[in-house]
Number of protein chains: 2
Amino acid sequence: MGRWAPDARGRLHQAAMELYTEHGYDGTTTADIAERAGLSERTYFRHFADKREVLFDSTDALQTLVLDGIAGADPAAAPLDAAAAGLGDGAALLQSFGQGPRHRAAVVAAHAELRERELAKMATLAQAVAGMLVARGSAEASAALTAETAVAVFRVAFDRWVADPDGPALPDVLAACFAELREVSARGR
Amino acid sequence: MGRWAPDARGRLHQAAMELYTEHGYDGTTTADIAERAGLSERTYFRHFADKREVLFDSTDALQTLVLDGIAGADPAAAPLDAAAAGLGDGAALLQSFGQGPRHRAAVVAAHAELRERELAKMATLAQAVAGMLVARGSAEASAALTAETAVAVFRVAFDRWVADPDGPALPDVLAACFAELREVSARGR
DNA sequence: ACGCTCATGTCAGCGACTGTCATCAGTAGG
DNA sequence: CCTACTGATGACAGTCGCTGACATGAGCGT
């Protein structure tokens, strides 16, 4: 047994989710979060860079999984297919958390600052995906376009999945969205 | 002649661009900006919601132009083509400002908070584009996918244009990116 | 027993942002 | 010409996000 209660980060995350849900993001101070977690406000900022970041701890794991999925994809697969495969792994991870991601998404959606941060995280993911595509042999420019497109599709799929709790599993929604992308972009000229 | 010097918003924008360029975003306080514009800090916050928003006044005009372009597109055109046309109008607007957008992009790129806000503005644009596509007859879900994809392509095109000052005009870069999207998404299966 | 580590607490302070009230040139109405 | 009203602004106090600096003390190796 350590000197301090274990998993301070986890307790802060838990406290933040509860308080943002109960009193809203604006109605919660970082001191409130720290207090519920049994820590000082200063310690909160040793674990998380700002008031928003406490909700985005899991995105690192998601990103790692997605990148691994791309790295493990068939080397002969087209870049967009490789990206889709990696994002499919990420979708499966989120699906495995049940309603958790939906609850978190509702909290994030409720405040502009949190939505902004989520977009920034997705942008980071897109950049990392592009990097993996380059590692697979894509040209830099083409990789960026493919990655940004793929991540945009992922976001749309996630939004659809959140909006329809009785619908298909996230990986299936994602696959459907990629199929739709091909249709949409094949039309015209 | 009014009681106050005219165009307070414009002066604040000018002052912010200068100061963010000279001393960086972190090295500039809102009080600094207000002082250079000949106003009080309190008045700054009457014109702009926060320290970031002062750089994003022009995105409203861009959005309006893009939406008008979509509204005026051939009703028979495919949704993605209509979105591309509207975004092409927006690209032409930015191109007409010469190096201005590149300078602004450099300032935005220099700080994470500004990049976040830019992403948020693009997300707003994507939502508005989706709305216009629905108004043209697209289904809600399909419109969201098309709009998010099209705006992602726009962002990639803008980044390429910024990175290559001696390259082709933005509308041409954008058209090339849309062509590339069709290639990329046609490959595989 | 000694010193080192390292997560934490405490405190002071800056800067972003807000609510509130006062000011006063211009303008409309009588 | 006086008066009331408007609307952009200034002044001031206060909250909160966030940071730097220093202190504390249990655990751990030596």
Side-chain angles (χ1 to χ4, degrees), chain A residues 1-57 107-108 110-118 120-121, chain B residues 1-57 107-108 110-118 120-121:
Chain A
M1 273 278 291
R3 175 181 180 187
W4 297 283
D7 195 21
R9 285 179 75 93
R11 269 151 48 216
L12 286 166
H13 175 87
Q14 174 81 13
M17 279 292 294
E18 292 172 8
L19 288 168
Y20 290 170
T21 302
E22 290 170 21
H23 307 126
Y25 179 81
D26 283 333
T28 304
T29 70
T30 53
D32 292 337
I33 299 171
E35 187 187 355
R36 181 166 296 201
L39 295 165
S40 70
E41 186 185 14
R42 189 66 184 86
T43 297
Y44 171 94
F45 285 105
R46 289 197 176 97
H47 285 280
F48 299 103
D50 56 43
K51 190 181 174 184
R52 296 160 280 294
E53 200 64 16
V54 66
L55 290 193
F56 296 88
D57 226 12
V107 173
V108 170
H111 201 282
E113 286 186 17
L114 296 171
R115 291 197 301 270
E116 273 193 26
R117 181 56 53 84
E118 180 115 301
K121 295 292 181 183
Chain B
M1 274 276 292
R3 174 180 181 188
W4 298 283
D7 195 22
R9 285 178 78 92
R11 271 151 46 216
L12 287 166
H13 175 85
Q14 174 81 12
M17 278 292 293
E18 292 172 8
L19 289 167
Y20 290 170
T21 302
E22 291 170 22
H23 308 127
Y25 178 81
D26 282 333
T28 303
T29 69
T30 54
D32 293 337
I33 299 171
E35 186 188 354
R36 180 165 298 202
L39 295 165
S40 70
E41 187 184 13
R42 189 66 184 85
T43 297
Y44 171 94
F45 285 105
R46 290 196 177 98
H47 285 280
F48 299 104
D50 56 42
K51 190 182 175 182
R52 297 159 281 295
E53 199 64 17
V54 65
L55 290 193
F56 296 87
D57 226 12
V107 173
V108 170
H111 202 283
E113 285 185 18
L114 296 171
R115 291 196 301 271
E116 271 193 27
R117 180 58 51 83
E118 180 116 299
K121 294 293 181 182

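All figures in this text were calculated on a predicted structure; none of them were measured in a lab. Per chain, numbering begins at 1; letters A, B, ... match sequence-line order.
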Candidate nucleotides D:dG10, C:dT8, C:dA25, ranked by approach to the side chain of A:Trp4 - the nearest: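 Among D:dG10, C:dT8, C:dA25, the one nearest the side chain of A:Trp4 is C:dT8.
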Listing time: all N or O pairs from protein to nucleotides 28-30 of chain D that are below 3.5 Å?
none

Sequence neighbours excluded, every pair satisfying salt bridge (charged side-chain N to carboxylate O under 4.0 Å, His left out) that has a member inside residues 4-17 of chain A: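 Qualifying pairs: A:Arg9-A:Asp57.
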Carboxylate-amine/guanidinium contact A:Glu22 A:Arg36, below 4.0 Å: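 Result for this pair is yes, salt bridge flagged.
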Electrostatic pair A:Arg52-A:Glu118, nearest N-O below 4.0 angstrom: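 Result for this pair is no, no salt bridge flagged.
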Distance below 4.0 Å between A:Ser40 side-chain N/O and C:dG9 OP1 or OP2: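 The answer is yes; a side-chain N or O of A:Ser40 sits under 4.0 Å from OP1 or OP2.
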Presence of A:His47 side-chain N/O under 4.0 Å of C:dT8 phosphate oxygens OP1/OP2: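 Checking A:His47 against C:dT8: at least one side-chain N or O falls below 4.0 Å of OP1 or OP2.
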Separation of [X] atom [atom1] from [N] atom [atom2], in whole Å?
{"X": "A:Arg117", "N": "D:dG17", "atom1": "CZ", "atom2": "P", "value": "14 Å"}
{"X": "A:Asp32", "N": "D:dT15", "atom1": "CG", "atom2": "C1'", "value": "13 Å"}
{"X": "B:Leu39", "N": "D:dT9", "atom1": "CG", "atom2": "P", "value": "6 Å"}
{"X": "B:Arg11", "N": "D:dT9", "atom1": "CZ", "atom2": "C1'", "value": "11 Å"}
{"X": "B:Glu113", "N": "D:dG17", "atom1": "CD", "atom2": "P", "value": "14 Å"}

Per-nucleotide protein contact string for nucleotides 16-22 of chain C (B base, S sugar-phosphate only, - none; heavy atom under 4.0 Å): SBBBB--
